[in-house]
Amino acid sequence: MIFSYNLPLYIYIIITSALVNLGLFLFQKENCRPDGRELFEFRTTTLNIGSISTADGSALVKLGNTTIICGIKAELANPTTDAPDKGYIVPNVDLPPLCSSRFRPGPPGEQAQAASQFIADVIESSDLIKTEDLCIERGKLCWVLYCDIMCLDYDGNILDACIIALLAALKNTQLPEVAVNKETCLPEVDFEKRQRLRIHRHPVGASFCVFDDSILIVDPTAEEESLSTAHLTVVTDEEGRLCSVHKPGGTPLSGEKLQECINRATARQREIHKLINKVLDSVKTAQ
Amino acid sequence: MMEVSPSENVSLREFGCEQTLLSRPDGSASFVQGDTSVMAGVYGPAEVKVSKEIYDRATLEVLVYPKVGLPGVRERSQEQCVRETCEASLLLSLHPRSSLTLILQVLHDAGSLLSCCLNAACMALMDAGLSMSCLFCGVTCAISTEGEIITDPTAAQEKESRALMTFAIDSKEHRVMMSSTRGSFSVQELQQCIAISQKASEKIFQFYRDSVRRRYSKNL
Amino acid sequence: MFSVLKERVGDVLLPGDEFCCGPQETLSLTDSGKPERLVAGPGIRQSGDRLLVSRSGVLRHKEPNKFWIESQQRRYVPAKGETVIGIVTAKSGDVFKVDFGGSEQASLSYLAFEGATKRNRPNVQVGDLVFAQFVVANKDMEPELVCIDGSGRANGMGVFGAGGLLIKVSLGLVRRLLAPHSDLRADLEKLFPCELVVGMNGRVWVRAASVQQTLIVANLLQSCDTMTPSQRQQLFKRVQQGGL
């Protein structure tokens, strides 16, 4: 009768919960992850700079399967009235339906918007670029950097990849020289002479996933993220200062585990900083 | 847990709360910290759209409405923080295929907004009678340019601070459930702020207990 | 654990409060030696060897071993055996869909009425009020209602509702109305004769001799939700004297 069509639901619930338990069992007993990595091993990071010729700066990052591309477009604008001697940076993270079936077409969802806010906070907290450097003429003209970060393949840990892509793209950005013509008061842009942006700090993030507040893994894939009970992202810069400790809820974390995460994040920062410098040097020698 | 020296007195602004003030939501509460005030309403467990239903637990949706204007990107990131904190402390598996909606309306923002939202959310969830495994509270710490740590900062103190951190602390073991930071700081400063927040959370949990006791004393 | 819980009866508890088995309590030599069984009601759940409180409210105790948390709630969650007032929203084939205020609609078979057979269908239309009890009500399955009891008799259940008024009150008020020696019911009886159907989902149907009296009783019930007993008695007295 009415029982018959509810029975398959029971079976579905049992099977799925069995799979979840199997995943946790692998982590706890075997100390390994479905893709064979150690609990604290990052995926291979590859970086490609300057691939988009129409942008002022660009970078493509692959963290395992997660692929993020960042393009920087610089435009001229009037500075805001409350900060007449500063330019501004506008980051935007886009998670299109291309990268994963869980994102539907339409206005940006909560994850994309929260990621955009996170990147904006990291830029501001870490003093990545001094916005005074973006001012051309006080009160009249300044640079606006539109950073469009798009995910091409979603396999977990997009926040780390977005920060690396943004940092590499900004280091690659070359702004043309602008002079304000005294007579016409119009800006004159010289596309031949280009100057690199001055990057003051190099923030790099490390993301962690917590399972039942006992197991901590680094650089989660999408499957591990969906099974985890909490996420944590720690952003550090080269002086060992923390720029952001982002843990948007989830099961609680003890002080010792947090300290462990911070230590691993500092090690990761050095690694990525070296990688970015290496790639930039190779691009420069190739030119 | 790092020891906080007894001379460091954790000072919080005066707070107040009221439960069951709205007639239509299943649970409602308003939380006031100094001049910052947030009202929260909870609906649920109610019907859920088939596209959003989860087979083994309730679907929690959090909506944050600012005082002026439409919700923007900043509100979305606050919603994500509040939602994941609530999901960790509610027993969602008791209501599969239903929806819980938590709406936070900012009435006045005079500093420490995210922690006021968290406190209002916790009180509203308790008022609605939803099963929870533990309570949580929000504490904001600001590090001034001189390195002084201020708890529950006002809007002016937040603006001048070098770093601003908000933590959600749980009631069972006083550990950090949620952390949202702005500005740069050292590891020692982070540990100190966490210790101070844990101490402040004890005061807030005692306040929760007193206000619930007051509410039920009428009918005893 | 029994003694620890008994001490706290009447206290206001919050979610997260724990009761754990203390160090071995002294065993009395005169007791029969049977292990203590404790029935944990709504608001208390077991996790390992501890009892955790999951709702805020007052701890209550009923002899011999039932403990539960009494909390003020407005949203109804269906439980097996409870009688509720539902509104019929759809007729699909052999089954009626009934809205009882929960997270999904319950199904009520047309055969679950007294004297109903395949040829003799009950006279139930969309929009009718039914007083029914839950025969299946758990979190994983669709709730099912029936209008007959175990022996096939209606026992007060079925379609009703001509001429009365349906109001929504909190679950606490409903429990107070249905309690064995309820002060509230006693006070209402002194007012004027009326018919009341009380559903455990927070819905109450009222019918009195005239429309004004029906409205008075309905308004009284809704307003005395949040009053202390003395305030309530004062209000009822004023109504009796014709003050309102």
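In what follows, chains are A, B, ... by sequence order, proteins preceding strands, each numbered from 1.
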**Study point:** Side-chain touch C:Ser56/B:Tyr208, heavy atoms, less than 4.5 angstrom
**Key:** no
Point to revise | Region of C:Val77 that comes under 4.5 Å of a non-hydrogen atom in chain B | key: side chain
Practice item. Give the minimum heavy-atom separation between C:Ser103 and B:Ser98, together with the two atoms involved. Key: CB-CB, 3.6 Å
Check your understanding: For B:Arg74, does the CZ atom sit with more than 12 other heavy atoms under 6.0 Å from it, leaving out its own atoms?
Key -> no
Practice item. Would you check if B:Lys172 and C:Leu52 make a side-chain contact, meaning some heavy-atom pair closer than 4.5 Å? Key: yes
Exercise for review: Considering only heavy atoms and a distance below 4.5 Å, find which of B:Ser171, B:Ala46, B:Ser99 pairs most often with chain C.
Suggested key: B:Ala46
Review point. By number, which residues in residues 118-138 of chain B have some heavy atom less than 4.5 Å away from chain C?
Key: B:Met126, B:Asp127, B:Ala128, B:Gly129, B:Leu130, B:Ser131, B:Met132, B:Ser133, B:Cys134, B:Leu135
Review point. Got more than 12 heavy atoms from elsewhere within 6.0 Å of NZ, C:Lys80?
Key: no
Review point. Which atom pair, heavy atoms only, marks the closest approach of C:Asp17 to B:Arg209?
Key: OD1-NH2, 2.9 Å
Exercise for review: To the nearest 0.5 Å, tell me how far C:Leu13 CG sits from B:Tyr216 OH.
Suggested key: 10.5 Å
Check your understanding: What part of C:Glu70 is in contact with chain B, defined as an atom under 4.5 angstrom from a non-hydrogen atom: side chain, backbone, both or neither?
Key -> backbone
Exercise for review: Considering non-hydrogen atoms only, spot the tightest contact between C:Lys139 and B:Arg97 and give its length.
Suggested key: O-NH2, 3.1 Å
Study note, to complete from the structure: d(C:Gln222 CD, B:Ser23 OG) to nearest 0.5 Å is 10.0 Å
